[in-house]
Amino acid sequence: MSNIITRFPPSPTGYLHVGGARTGLFNWLYARHTGGKFVLRIEDTDVRRSTRASVDAIFEALEWMGIEWDDGPYFQSKRFDIYKEYVRKLLDSGRAYYCDCTPEQVEEMRKRGMAAGGKAKYDGACREKGLSAGENRVVRFKAPLTGATVLEDAVKGNIVFQNAELDDFILERSDGAPTYNFVVVVDDITMGINTIIRGDDHVSNTPKQIQLYKALGADLPTFAHVPMVLGKDKARLSKRHGAMSVTEYQKMGYLPDALINYLVRLGWSHGDQEFFHRNELIEKFSLDHIGKSAGVFDPDKLLALNAEHIQAAPAASLIPHLTPFLKAMGIAAEDQEYLSKVIETLKPRSKTLLEMAEAALFYYTDEIVYEEKAARKFLKPDVLDPLNLLVTQLEGLNDFSEKELEGAFLRVMDTTGLKLGKIAQPVRVALTGKTASPGIFEIVEILGKERVIARLTAAARFIEEKS
RNA sequence: GGCCCCAUCGUCUAGUGGUCUAGGACGCCGGCCUCUCACGCCGGUAACACGGGUUCGAACCCCGUUGGGGUCACCA
């Protein structure tokens with residue numbers, strides 16, 4: 001029923017950073033929420049700075065996040081004919097003209113304006129010259145000199161710009177290439193984009209674009225300028241603020257849903273709710289709860305949210321996300337059922353998938369390396385008897401269920417007079433090499449009789465050799 | 001500097017004139033739980049930038065100040 005069409009227009013001059021991903025997300029969510037369309041457009045008119053590698057990086061990041069587009073990707077570099085055609089239209093209708101002022105001359109005008117009253121703009125020297133096409137000539141837009149242009153912004157409200165503040169900006173460079181403000185408008189018109197959600201660093205471009213829409217006789221889209229994402233020091237996001245690319249978060253073991261949840265919540269709210277599943281976001285997202293002020297990117301909160309998403313996810317759904325990390329550690333983890341059990345025990349103690357993979361190691365290797373401190377503290381001669389006793393008890397068990405295991409431990413406690421804590425720690429070190437791990441019964445059950453007994457006796461041997 | 005935007009705990013935010021001695025989340029600090037580490041639970045810390053109005057009554061409306069951000073290209 002809806003005919004909302006949004007778009008995401010990254011320029012391929014580097015990786016996709018979290019700020020850009022957020023505006024992409026807003027557009028995607030809004031399209032999904034309204035049942036509309038989401039268009040991907042690559043803004044690569046700056047041939048010098050655009051690279052194929054960046055394009056691929058952007059695709060990869062979007063794919064990982066699960067943001068799929070319905071139309072495109074369009075490449076502006078392949079649409080020059082269309083831009084030419086629109087320049088022609090403007091020239092023919094008298095809304096654009098050729099200008100032969102040199103960059104130096106224009107720069108001079110700006111300096112003068114800056115010195116005089118603060119208005120740094122082209123003075124319209126060639127406006128009425130009636131110049132035709134030629135070497136070193138640019139095409140400028142003949143902007144209205146008086147009156148005002150109003151931006152009716154869906155998040156910021158009405159913003160009024162005096163036309164006298166704006167100048168006759170360039171539509172087509174002297175080398176024939178179109179400029180940003182122009183191509184954006186032509187693209188948005190020809191692609192049917194009717195809802196533009198973008199960073200508010202674009203507000204000052206908007207009046208120019210609105211004038212272009214009008215000069216071209218096109219309907220205005222809905223504009224929604226969302227506040228920017230800032231770094232901890234409240235300055236614009238940059239590499240010195242730490243990990244900023246979407247791909248980095250992927251590599252650090254974040255779940256795409258967690259990143260999405262965090263990014264959307266940064267600047268948008270739904271009452272007090274902090275945790276959202278992807279579908280909930282689609283269901284609840286709307287333009288009218290986007291905040292007006294800039295937000296600081298907080299890695300701690302993202303990490304906490306990631307932990308929450310890990311906990312909330314069924315083990316089976318975590319498998320595809322965790323497997324690459326396991327593989328990187330040389331763990332094949334082919335048995336899905338086993339992996340599921342492993343994940344279940346690790347979920348509440350893993351804030352990232354990377355942590356989870358590292359914590360899973362002892363489930364997959366038989367060469368347990370004892371942490372030095374752990375061994376010194378817990379693998380001492382006095383636990384030799386309890387350990388051997390436990391082995392005997394365990395050997396007698398057919399069923400390694402938690403209940404049976406508890407019984408076995410209880411009997412060892414009985415005969416030795418030791419508390420569970422005294423026994424559990426040495427066993428934990430014997431089984432995992434570490435002093436921290438999932439519950440002792442859980443890991444014994446998952447590891448299974450054979451491996452548990454092997455590791456226990458190995459620990460006993462270790463103690464004997466030491467003393 | 002001109003133009004534009006913004007302003008609630010350290011951070012993300014709820015709040016749309018009275019129910020706010022301002023709520024939630026992250027962080028931080030206590031405690032409980034406990035076989036370790038976590039998880040979980042309970043409690044605490046901490047904010048309406050400032051000054052004027054408007055109103056019987058302002059976090060919410062208006063003006064100003066201050067502070068922060070954006071933008072002023074033949075980049076996008």
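Lettering of chains follows the sequences in order, A, B, ..., and the numbering in each one begins at 1.
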(Q) I want to verify a distance call: between B:G2, B:C74, B:G24, whose nearest atom is closest to the A:Glu165 side chain? (A) B:G2
Q) Under the 3.5 Å rule, do the base of B:C5 and the side chain of A:Lys156 count as making a donor-acceptor pair? A) no
Q) Is A:Ser174 near enough to B:C74 that one of its side-chain N or O atoms lies under 4.0 angstrom from OP1 or OP2? A) no
(Q) So if I define the base as every atom that isn't primed, P, OP1 or OP2, how would nucleotides 31-46 of chain B read as a B/S/- string at a heavy-atom cutoff under 4.0 Å? (A) ----BBBBS-------
Q. Of all the nucleotides listed (B:A14, B:A76, B:C5), which has the minimum atom distance to the side chain of A:Asp272?
A. B:A14
(Q) Nearest to the A:Arg265 side chain among B:A76, B:C5, B:C12, which nucleotide is it? (A) B:C12
(Q) Heavy atoms from C-beta onward define the side chain here; which of B:C26, B:A73, B:U11 lies closest to that of A:Arg110? (A) B:A73
Q) Counting side-chain heavy atoms from C-beta on, which of B:C4, B:C26, B:G15 comes nearest to A:Val203? A) B:C4
Q | RNA chain B: 5'-proximal contact among A:Gly295 and A:Asp167 (nearest heavy atom) | A | A:Gly295
Q | Complementary nucleotide for B:C56 - Watson-Crick or wobble, under 3.5 Å | A | B:G18
Q. Checking side-chain contact (heavy atoms from CB on, under 4.5 Å) for the pair A:Arg22/A:Val226: CA distance, chi angles, key distance, verdict?
A. CA-CA 10 Å; A:Arg22 190 182 66 144; A:Val226 316; 3.8 Å; yes
Q. Ion pair present between A:Lys84 and A:Glu172, side-chain N to carboxylate O less than 4.0 angstrom?
A. yes
**Q.** A:Glu355 and A:Arg349 ion-paired at < 4.0 Å
**A.** no
Q. Looking only at atom P, what distance separates B:G67 and B:G27, rounded to whole Å?
A. 34 Å
Q. Mapping A:Lys121 and A:Asp233 onto RNA chain B by nearest heavy atom, which one lands closer to the 5' end?
A. A:Asp233
Q: For the residue pair A:Phe141 and A:Phe169, categorise the inter-ring angle as parallel (less than 30°), tilted (30 to 60°) or perpendicular (more than 60°).
A: tilted
Q | Those residues that, when tested against A:Met228, pass side chain to side chain contact (heavy atoms under 4.5 Å, CB included) (two or more places apart) | A | A:Asp200, A:Asp201, A:Leu230, A:Arg236
Q) Choosing from B:U11, B:C5, B:A25, which nucleotide comes nearest the side chain of A:Lys234? A) B:U11
(Q) Restricting to side chain to side chain donor-acceptor pair (under 3.5 Å), what partner residues turn up for A:Ser286, sequence neighbours left out? (A) A:Asp288
